[in-house]
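See structure below.
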Amino acid sequence: MKTFTVRSSQREEFIDISHEIQRMIDESNVKEGICFVFVPHTTAGITINEGSDRSVRFDILKRLAELVPENLKYEHLEGNADAHIKTSLVGSSASIPIFGGKLTLGTWQKIFLCEFDGPRVRTVFVQVIEI
Ligand code: ZN
């Protein structure tokens, strides 16, 4: 298990972590297997989506904010109930096949840490499993 940290700078943002994850696969020397990425947080998640056109990540954040507004009346009184719900919607992990020592992401795909209650320092766990 390897870890790295990501520092977010806004309350909500998607941060491309594909490069760091590929670097860990490079260090592991695994050529064929699975890369399991997990964030141990309740207000930040993981998703894979378009990384080329930045407007896609802004559209996702905007629509999530419309689905789950920040200032509704929630039971959770910490002021970040929306961030917990958004985290459950995107999930806390991703599994990506490794082939030829590389993440087999599609041409436009990137792996994003989804910050919903920043700015904070977040931890990412990466397990590179050889098959
Ligand atoms: Zn909370």
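Scope of the values below: all heavy atoms of this structure, side chains included, with no hydrogens, waters or symmetry mates. None of these values were measured; they are calculated from a predicted model. Start at 1 and go down the list; that is how both ligands and their atoms are numbered.
None of the N, O or S atoms belonging to Thr42 lies under 2.8 Å away from the Zn ion (ligand 1).
With respect to Pro97, the side chain to side chain contact (heavy atoms under 4.5 Å, CB included) criterion is satisfied by exactly one of Leu103, Thr104, Ile34: Thr104.
A side-chain donor from one of Thr43 and Arg122 sits under 3.5 Å from a side-chain acceptor of the other.
Computed with the Zn ion (ligand 1) at the centre, the His84 NE2 to Asn80 OD1 angle is 100°, stated to 10 degrees.
For the Zn ion (ligand 1), the nearest N, O or S atom contributed by Glu78 is named OE1.
The environment of Lys31 atom NZ is dense: over 12 non-hydrogen atoms of other residues, nucleotides or ligands sit within 6.0 angstrom.
Relative ring orientation between His84 and His76 is described as perpendicular, the plane-to-plane angle rising above 60° on a 0-90° scale split at 30° and 60°.
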